Trainee: 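The structure's right below; bear with me while I get my questions together.
Just so you know, these numbers come straight off a predicted model, no measurement behind them.
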Amino acid sequence: MPELPEVETIRAQLDPLVAGRSIVSASSHPSAKFTPAIEAHGAQIEQVRRRGKYLLLDLDDQRELIVHLGMTGVLSVPEQAGDSPYVRAQWELDDGRWLVFNDVRRFGRIRVVPAGDYASITTLRDLGPEPSDAAFTAQHLHRALNKSSRRLKTQLLSQRPVAGLGNIYADEALWLAQVRPTARSISKPAAARLRDACIEVIESAISNGGTTLRDYRNAEGGSGNNQFYLRCYGRAGEPCERCTTPLRSMVVDARTTTWCPTCQKR
DNA sequence: CGCAGCGCCTGAAGGC
DNA sequence: TGCCTTCAGGCGCTGC
């Protein structure tokens, strides 16, 4: 579930706790998804950045420690080593604290790569602009979406037209822009609305500390508040806030998708 | 190169 | 009560 707003919330909490700290030991679950965590042993963390849903920890030896939280990943910086059965990696820091990665469902991933070299992480390599980036214009989104005839919802989830939207915020942005998720092309005015909606939905979710529906916790173990402000996701059968038509849902590319059949036009 | 399809995971919730 | 099935879904990989 962690999408851009949740990952950004974690990034902001993590950075002051780990920046400047050296990694004095590292361990991981045996799965190849997590064993690269050990490669960061001995390096110093300079800062914590984010691209889309990826956390990028700059190391002082021209490498980056990259963490993707998957569905249920949680990072925290406790004063003792993690003891949950779901600890998938942990790094001991030189101030005695630990950077701990918990992930019940093991959908997360950890990698260490040369700084800026994302060739082996294709989703990150091909990631679209951040919603907040000046390059994320209506024209960009219009062109990017019309390059393919896949459904608009599917394209948003691909991370290529824009970075960081998952199932929750894709449904929210499409609802706000009044765009039909199953459409396979988009007009210029609709692309302009969708661009604005992506920014609005992501920025307000960051302000609300992210959305906690089941598993999401921030780096301090707290919940977000944005679940109280969702207007579409998870509300199938409830009246649309704009037009009172009951929201409908269907599975689009293996993901539950909710939309208003009246005011989200093709 | 684009993309459809599949596998990875396990706790929670629902059905009987 | 307890067993079984279904569901949640981001992304990497395979093969057409």
Trainee: Does a side-chain N-to-carboxylate-O contact under 4.0 Å join A:Arg49 and A:Asp58?
Mentor: yes
Trainee: Would you say A:Thr72 places a side-chain N or O within less than 4.0 Å of OP1 or OP2 belonging to B:dC9?
Mentor: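 Answer no for this pair, as no side-chain N or O of A:Thr72 is under 4.0 Å from OP1 or OP2.
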Trainee: Quick one: A:Gln159 CD to B:dG2 P, roughly how many Å, whole number?
Mentor: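 Between P of B:dG2 and CD of A:Gln159: 17 Å.
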Trainee: Counting only N and O atoms by type, is there a donor-acceptor contact under 3.5 Å from the side chain of A:Ser31 to the main-chain atoms of A:Lys33?
Mentor: yes
Trainee: Is any side-chain heavy atom of A:Arg50 closer than 4.5 Å to a side-chain heavy atom of A:Leu4?
Mentor: yes
Trainee: So A:Tyr233, base contact, sugar-phosphate only, or nothing? Heavy-atom distance under 4.0 Å.
Mentor: sugar-phosphate
Trainee: If two hydrophobic side chains count as joined below 4.5 Å and joins carry through other members, does A:Tyr54 share a cluster with A:Leu57?
Mentor: no
Trainee: Less than 4.0 angstrom from a charged side-chain N to a carboxylate O is my criterion; do A:Asp95 and A:Arg97 meet it?
Mentor: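 No, A:Asp95 and A:Arg97 are not salt-bridged.
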Trainee: Can you pull the contact range of chain A along DNA chain C, 5' to 3', using atoms under 4.0 angstrom from its heavy atoms?
Mentor: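 On DNA chain C, the outermost contacted nucleotides are C:dA8 to C:dG12.
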Trainee: Rounded to whole Å, how long is the line connecting atom CZ of A:Arg109 with atom C1' of B:dC8?
Mentor: 8 Å
Trainee: Using rotation axes that map the C1' atoms of four end pairs onto the next four (five pairs an end), what angle separates the end axes of the helix from B:dG2-C:dC16 to B:dC16-C:dG2, to 10°?
Mentor: 40°
Trainee: For A:Gly128, is there any backbone N or O sitting under 3.5 Å from a side-chain donor or acceptor partner on A:Gln159?
Mentor: no
Trainee: With respect to the phosphate group of B:dA4, does any side-chain polar atom (N or O) of A:Arg150 fall under 4.0 Å of OP1 or OP2?
Mentor: yes
Trainee: When the distance from CZ of A:Arg184 to P of B:dA4 is rounded to whole Å, what number comes out?
Mentor: 8 Å
Trainee: Linking directly or through intermediates, with side-chain heavy atoms under 4.5 Å: list the remaining ILVMFWY members grouped with A:Tyr229, chain and number order.
Mentor: A:Phe228
Trainee: Of A:Arg160 and A:Arg255, whose closest DNA chain B nucleotide lies nearer the 5' terminus?
Mentor: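 Nearer the 5' end of the strand: A:Arg160.
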Trainee: Between the side chains of A:Glu3 and A:Lys53, is the shortest nitrogen-to-carboxylate-oxygen separation below 4.0 Å, so that they form an ion pair?
Mentor: no
Trainee: Does the distance from a Lys or Arg side-chain N to an Asp or Glu carboxylate O, for A:Arg105 and A:Asp215, drop under 4.0 Å?
Mentor: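 Salt bridge between A:Arg105 and A:Asp215, a charged N being under 4.0 Å from a carboxylate O: yes.
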Trainee: Nearest-Å distance, CE (A:Met71) to P (B:dG11)?
Mentor: 14 Å
Trainee: Starting from the 5' end of DNA chain C, give me the residue, A:Thr122 or A:Thr256, whose nearest nucleotide shows up first.
Mentor: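 Result: A:Thr256.
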Trainee: How close or far is atom P of B:dC9 from atom CG of A:Asp215, stated in whole angstroms?
Mentor: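 It is 17 Å, rounded to the nearest whole Å.
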Trainee: Please report, rounded to the nearest Å, how far the P atom of B:dG11 is from the CZ atom of A:Phe107.
Mentor: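 That distance rounds to 13 Å.
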